[in-house]
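Working notes, beginning with the structure itself.
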Amino acid sequence: MNPPRTDARRHHDPDVRGFASDNYAGAHPEVLAAITLANGGHQVAYGEDDYTENLQRIIRGHFGARAEAFPVFNGTGANVVALQAVTDRWGAVISAESAHINVDEGGAPERVGGLKLLTVPTPDGKLTPELIDRQAWGFEDEHRAMPQVVSITQNTELGTVYTPDEIRAICDHAHDLGMVVHLDGARIANAAASLDVSMRTFTNAAGVDLLSLGGTKNGALFGEAVVVLNPDVVRRMKHLRKLSMQLASKMRFVSVQLEALLAKDLWLRNARHANEMAQRLAEGVRSVHGVEILYPVQANAVFARLPHDVSERLQKRYRFYFWDETAGDVRWMCSFDTREEDVDGFLAALKEEMAR
């Protein structure tokens, strides 16, 4: 059978890759094939389809018999829905100052979720029980938002990775204070690949109560999921998902993407490759005089400091973002489709611009 005709045209060069974000990458071919597989015919809408039902089986295989997935459109939606489900109207969430929920979600957790963020500066993007205690007080003070949730990111926005023991210490401490633990897992696959452990090892096995499970940064076209690990602490997730405009009518097309990633090892293959490319990039950068790597390279991100004018010239050749423009800090991200020749070409360009 001939493929269906389309009048759409390609408007970009598919051989051009940058280091701005793993969101820049397209969808993995196996994910696109899964979407095509799920197309055709009719399936019940709003999550009552066969693909979403099968996704629950896959999620339980990764996270245990009590786990339940609630597919959503995007990562901000996942975080807002998850945090709403474990906070009261007077509740607050403790997070690292660098956390995505604080820096990159346009105020959505507070404006849409109706909660208060209590942030803590961290040297490496990671919270500790001691850092949590800087904000975990005043529980009965009616003049202060009540700390109810600790939200951590794995891996962090600075590319660092919590060990399972570090997360367990956070969860034990938070639970002793009567608080719930949420994990923003936009890049959870990269963390699992870095640690060489299952996702369960540093989530519910370590005491995490619910998580935002990322798909888009790991090869999905779109779609994430809120995964409830401890149903005893969550209220009305289905209603909150709808209220937050995250209920997909044709949910099978979200669920089948997560199925394609998680049913076997595509999620892990993609993450391992992205991490390996970041290591290749970091090794090359370390040999360039005048460029400083800022944080341990543990996942698929390299943070560096170099002269501002060099970065500006380099940005004309490869896309990437400043992290702190005043300090000259930049972030270089690798993706599931980053090639060795992409990294080597970027390193050659970096050396040329540093030599000018």
Side-chain angles (χ1 to χ4, degrees), residues 1-41 43 51 71-78 104 186-187 189-190 214-225 246 248-278 280-281 300-302 311-322 330-350 352-353:
M1 179 183 296
N2 293 327
R5 180 181 178 275
T6 176
D7 291 326
R9 297 182 180 182
R10 175 170 277 161
H11 299 284
H12 77 291
D13 183 348
D15 287 328
V16 173
R17 289 170 172 79
F19 296 87
S21 173
D22 33 13
N23 284 325
Y24 277 38
H28 192 281
E30 293 181 37
V31 172
L32 289 177
I35 294 172
T36 301
L37 184 70
N39 198 26
Q43 280 276 286
Y51 296 91
V72 295
F73 289 112
N74 53 48
T76 297
D104 287 305
R187 296 185 176 95
N190 299 94
T216 308
K217 292 177 172 62
N218 196 34
L221 182 64
F222 65 92
E224 326 279 304
Q246 288 292 319
S249 57
K250 297 184 180 181
M251 196 182 295
R252 58 170 150 160
F253 296 110
V254 181
S255 298
V256 76
Q257 294 180 72
L258 297 174
E259 177 185 2
L261 289 169
L262 297 170
K264 293 184 179 178
D265 68 344
L266 180 58
W267 67 279
L268 191 56
R269 282 189 279 129
N270 286 351
R272 280 177 174 162
H273 177 79
N275 290 2
E276 289 168 2
M277 292 300 99
R280 185 183 185 92
L281 176 59
N300 64 322
V302 178
S311 292
E312 288 189 322
R313 293 196 303 270
L314 193 57
Q315 283 179 322
K316 296 176 181 178
R317 302 172 68 173
Y318 287 88
R319 290 293 299 267
F320 63 88
Y321 291 116
F322 280 100
V330 298
R331 185 190 75 167
W332 298 320
M333 297 296 303
C334 295
S335 308
F336 76 89
D337 64 347
T338 301
R339 304 167 299 192
E340 291 184 359
E341 54 262 40
D342 299 324
V343 174
D344 296 345
F346 180 79
L347 288 170
L350 173 63
E352 290 173 7
E353 297 299 342

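Salt-bridge formation is detected for the pair Arg269/Glu30: a Lys NZ or Arg NE/NH1/NH2 atom is positioned less than 4.0 Å from an Asp or Glu carboxylate oxygen. The pair Asp344-Arg339 does not count as a salt bridge, with every side-chain nitrogen at least 4.0 angstrom from each carboxylate oxygen.
By the 4.5 Å heavy-atom criterion applied to side chains, Glu353 and Arg317 are counted as neighbours. Within the 4.5 Å cutoff, side-chain heavy atoms of Leu314 are placed close to those of Phe346. Counting heavy atoms from C-beta outward, Arg187 and Asp22 have side chains that approach closer than 4.5 Å. Side-chain contact check for Thr216 versus Asn74: every heavy-atom pair is 4.5 Å or farther apart. Asn270 has its side chain within reach of Leu261: a pair of non-hydrogen atoms, C-beta onward, lies under 4.5 Å apart. Using a 4.5 Å heavy-atom cutoff, the side chains of Tyr24 and Met333 are not in contact.
Within the 3.5 Å criterion, the main-chain N or O of Tyr51 finds no donor-acceptor partner in the side chain of Glu259. Between the side chain of Arg331 and the backbone N or O of Ala301 there is no donor-acceptor pair closer than 3.5 Å. A donor-acceptor pair under 3.5 Å is formed between the side chain of Glu224 and the backbone N or O of Gly215. Judged by distance alone, with hydrogens and angles left aside, the side-chain atoms of His11 form a donor-acceptor pair with the main-chain N or O of Arg9 at under 3.5 Å.
Closest non-hydrogen pair, Gly223 versus Leu258, comes out as O-CD2, 4.3 Å. Of all the heavy atoms in Ala278 and Val302, the pair that sits closest is O-CG2, 3.6 Å. Taking both residues in full, the closest heavy atoms of Val31 and Ala220 are given as CG1-CA, 4.1 Å, listed atom of the first, atom of the second, then distance. Here the closest non-hydrogen pair linking Phe336 and Gly219 is CE2-CA, 3.7 Å. The two residues Asn218 and Ala189 make their nearest non-hydrogen contact at ND2-CB, 3.5 Å.
Aromatic pair Tyr321/Trp332: centroids not less than 6.0 angstrom apart. Aromatic pair Phe19/Phe320: centroids not less than 6.0 angstrom apart.
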Leu281/Leu347 under side chain to side chain contact (heavy atoms under 4.5 Å, CB included): CA gap, chis, key distance, verdict: CA-CA 7 Å; Leu281 176 59; Leu347 288 170; 3.8 Å; yes
Show, in sequence, the C-alpha distance, side-chain angles and deciding distance for Met251 and Gln43, and conclude whether the side chain to side chain contact (heavy atoms under 4.5 Å, CB included) test is met. CA-CA 9 Å; Met251 196 182 295; Gln43 280 276 286; over 6 Å; no
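A donor atom on one side chain and an acceptor atom on the other are not found under 3.5 Å apart for Asn275 and Asn300.
In this structure, NE2 in His273 is found 6.0 Å from OG1 in Thr338, a value given to the nearest 0.5 Å. Put simply, CD on Glu312 and CD on Gln315 are 7.0 Å apart, with the number rounded to the nearest 0.5 Å. Taking CG from Asn23 and CZ from Phe222, the interatomic distance works out to 14.0 Å, rounded to the nearest 0.5 Å. Within the model, atoms CZ of Phe253 and OG1 of Thr36 stand 9.0 Å from one another, a figure rounded to the nearest 0.5 Å. With values rounded to the nearest 0.5 angstrom, Met277 atom CE is found 11.5 Å from Ser335 atom OG. Annotation: the span from Ser21 atom OG to Lys217 atom NZ amounts to 6.0 Å, rounded to 0.5 Å.
Under the rule for a ring pair (Phe, Tyr, Trp, His ring centres under 6.0 Å), the partners of Phe322 that lie at least two apart in sequence or sit in another chain are His308.
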